[in-house]
A.B. asks: 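Right, I'll just put the structure down here and ask away after.
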Amino acid sequence: MAANPCGHDWVVDITQQEDELGLDRALINAVTELEGFSRFAIYINKFFKPGLPARLLNRDSVIEELSEHEVNELIEKVSRNKIRISRNYGYVSTYVPIYFMGNVIGVLVIESEKELSERVSMLAIYMLNIYANQVSLLYKSQLDPLTELLNRQTFDKKVIEIASEASLHTKELDSKYRHWYLAIVDIDHFKRVNDNYGHVIGDEVILLVAQLLKNNFRIEDYVFRYGGEEFAVLF
């Protein structure tokens, strides 16, 4: 039985995290300690937008990674049936929905030797909902208020994160490692726009360029408002 039956410490840990990586680790630790689970995977759509694929959160999971189609099927099933249970090869597979604003944005897959008790199931849903809310708050704090692109502070953190990850990989050791590229973009003669038409029109120009950038990069790329009329893209 778990040493933390009410989950208070786990919730405190989740809500105190200030970055996405720490938040993910806090949730993984909570699920691991929930009832000593070791076979589980968490799939979540962190962009909170319908139609976007949910990604695997804990890559160290011993459960085989599911395809995008399989994950979407699972999310549809838990949307209709709440918690879903199936049995295969001596394991009980439990699928727990992750809710945000009334919508299912992901699913926790747990493989165990017996069915989860109602208390554990409800505690898992509660923690997952807290996590989803924290992801949303964190996401909003990373956005530039005018363009809703990622902001300069997030750019600095992401560059450090990618550089740190790159130092742990080489082509010889990891052929699947993703290589990143950086583009810096600015609006030519932008001062003339502000001088001739005013800052309200200047803001409209910035918004239009931001929308063009968002529409022409993939969802897994990162588009930032670097400052003023300058933008950065990590892709």
Side-chain angles (χ1 to χ4, degrees), residues 10-33 40-49 52-63 65-66 68 71 98 100 105-108 127-128 130-186 209-210 213-235:
W10 298 327
V11 170
V12 169
D13 189 28
I14 290 170
T15 54
Q16 286 182 339
Q17 300 304 317
E18 297 181 354
D19 60 74
E20 185 177 320
L21 188 59
L23 189 56
D24 291 349
R25 284 174 177 165
L27 178 62
I28 291 169
N29 290 340
V31 174
T32 304
E33 295 174 7
F40 67 90
I42 304 166
Y43 294 89
I44 183 169
N45 174 357
K46 291 188 178 183
F47 294 96
F48 305 99
K49 295 176 182 176
L52 298 179
R55 75 182 204 210
L56 179 64
L57 192 66
N58 53 322
R59 298 189 181 281
D60 294 330
S61 167
V62 295
I63 295 178
E65 185 170 348
L66 300 176
E68 182 181 326
V71 172
I98 304 174
F100 180 73
I105 60 169
V107 60
L108 163 64
M127 286 193 306
L128 291 167
I130 294 290
Y131 167 84
N133 187 60
Q134 289 299 115
V135 168
S136 174
L137 292 174
L138 182 62
Y139 181 66
K140 287 178 181 176
S141 73
Q142 296 173 343
L143 298 182
D144 169 63
L146 175 63
T147 62
E148 294 193 344
L149 297 179
L150 296 167
N151 58 29
R152 170 68 181 271
Q153 292 79 9
T154 308
F155 171 81
D156 294 341
K157 289 179 181 177
K158 198 67 190 173
V159 167
I160 292 171
E161 178 186 318
I162 289 173
S164 300
E165 186 180 352
S167 68
L168 300 176
H169 295 80
T170 66
K171 278 189 177 180
E172 291 73 25
L173 292 176
D174 190 351
S175 60
K176 294 181 179 179
Y177 174 68
R178 178 178 290 183
H179 294 271
W180 290 90
Y181 299 87
L182 169 65
I184 300 294
V185 181
D186 72 350
V209 173
L213 289 169
K214 272 198 272 192
N215 291 344
N216 285 281
F217 283 90
R218 301 164 301 176
I219 196 68
E220 63 264 34
D221 299 328
Y222 297 90
V223 184
F224 306 83
R225 185 183 181 193
Y226 191 75
E229 80 282 15
E230 296 178 319
F231 305 87
V233 186
L234 286 166
F235 61 99

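When reading the values below, keep in mind they use all heavy atoms of this one structure, side chains included, and skip hydrogens, waters and symmetry mates.
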A.B. asks: More than 12 foreign heavy atoms under 6.0 Å from NZ of Lys158: is that the case here?
C.D. replies: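 Yes, enclosed.
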A.B. asks: Which atom pair, heavy atoms only, marks the closest approach of Asn151 to Ser141?
C.D. replies: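 For Asn151 and Ser141, the tightest heavy-atom pair comes out as ND2-O, 3.2 Å.
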A.B. asks: Identify the two heavy atoms, one from Phe100 and one from Ala132, that lie closest to each other, and give their separation to 0.1 Å.
C.D. replies: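 Phe100 and Ala132 have their closest heavy atoms at CD1-O, 3.9 Å.
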A.B. asks: With rounding to the nearest 0.5 Å, note down the distance linking CZ in Arg225 to CD in Glu148.
C.D. replies: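 If I round to the nearest 0.5 Å, the distance is 12.5 Å.
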A.B. asks: Measuring from Ile162:CD1 to Tyr222:OH, what's the distance to the nearest 0.5 Å?
C.D. replies: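 Here the interatomic distance stands at 7.0 Å.
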A.B. asks: Any sub-3.5 Å donor-acceptor pair from Asp221's side-chain atoms to Asn216's backbone N or O?
C.D. replies: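 It does not hold such a pair.
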A.B. asks: Any side-chain heavy atom of Phe155 sitting closer than 4.5 Å to one from Leu149?
C.D. replies: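 The answer is no, as the side chains (C-beta and beyond) never meet within the 4.5 Å cut-off.
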A.B. asks: I need the Leu21 CG to Lys157 NZ distance, nearest 0.5 Å.
C.D. replies: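 It is 11.5 Å, given to the nearest 0.5 Å.
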A.B. asks: With a 3.5 Å distance limit and no angle check, can you tell me whether Asp144 reaches the backbone of Leu150 through a side-chain donor-acceptor pair?
C.D. replies: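 It does not hold such a pair.
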A.B. asks: Taking the six-membered ring of Tyr226, is NZ or CZ of Arg152 closer than 6.0 Å to its centre and within 45° of its axis?
C.D. replies: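 Arg152 over Tyr226 ring: yes.
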A.B. asks: Judged by atom type as modelled, is there a donor-acceptor pair below 3.5 Å linking the side chain of Tyr43 to the main-chain atoms of Leu66?
C.D. replies: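 Yes; judged by distance alone, with no hydrogens or angles, the pair exists.
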A.B. asks: Evaluate Thr154 against Leu143 for side chain to side chain contact (heavy atoms under 4.5 Å, CB included), listing each step before the verdict.
C.D. replies: CA-CA 8 Å; Thr154 308; Leu143 298 182; over 6 Å; no
A.B. asks: Look up atom CD1 in Ile42 and atom CD1 in Ile98, then write down how far apart they are to the nearest 0.5 Å.
C.D. replies: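 Ile42 CD1 to Ile98 CD1: 6.5 Å, rounded to 0.5 Å.
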A.B. asks: Between Ala30 and Met127, what is the shortest heavy-atom contact and its length?
C.D. replies: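 Smallest interatomic distance, heavy atoms only, reads CB-SD, 3.7 Å.
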A.B. asks: Would you give the length of the straight line joining atom CD1 of Ile184 to atom CZ of Phe231, rounded to the nearest 0.5 angstrom?
C.D. replies: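 Reported value, rounded in 0.5 Å steps: 11.5 Å.
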A.B. asks: How far apart are the C-alpha atoms of Val223 and Phe235, what are their side-chain angles, what is the distance that settles it, and do they pass the side chain to side chain contact (heavy atoms under 4.5 Å, CB included) test?
C.D. replies: CA-CA 8 Å; Val223 184; Phe235 61 99; over 6 Å; no
A.B. asks: Can you name the side chain to side chain contact (heavy atoms under 4.5 Å, CB included) partners of Leu137, sequence neighbours left out?
C.D. replies: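 Residues passing side chain to side chain contact (heavy atoms under 4.5 Å, CB included) with Leu137: Asn133, Gln134.
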A.B. asks: If a pair satisfies salt bridge (charged side-chain N to carboxylate O under 4.0 Å, His left out) and one of its residues is in residues 17-30, list it, with sequence neighbours excluded.
C.D. replies: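 Qualifying pairs, neighbours excluded: Glu20-Lys46, Glu20-Arg55, Asp24-Lys46.
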A.B. asks: For the CG atom of Leu234 and the CZ atom of Phe224, what is their distance to the nearest 0.5 Å?
C.D. replies: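 Between atom CG of Leu234 and atom CZ of Phe224 there are 4.5 Å.
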A.B. asks: Mind checking whether Leu23 and Ile14 have side chains closer than 4.5 Å, heavy atoms only?
C.D. replies: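 SC-SC contact between Leu23 and Ile14 confirmed.
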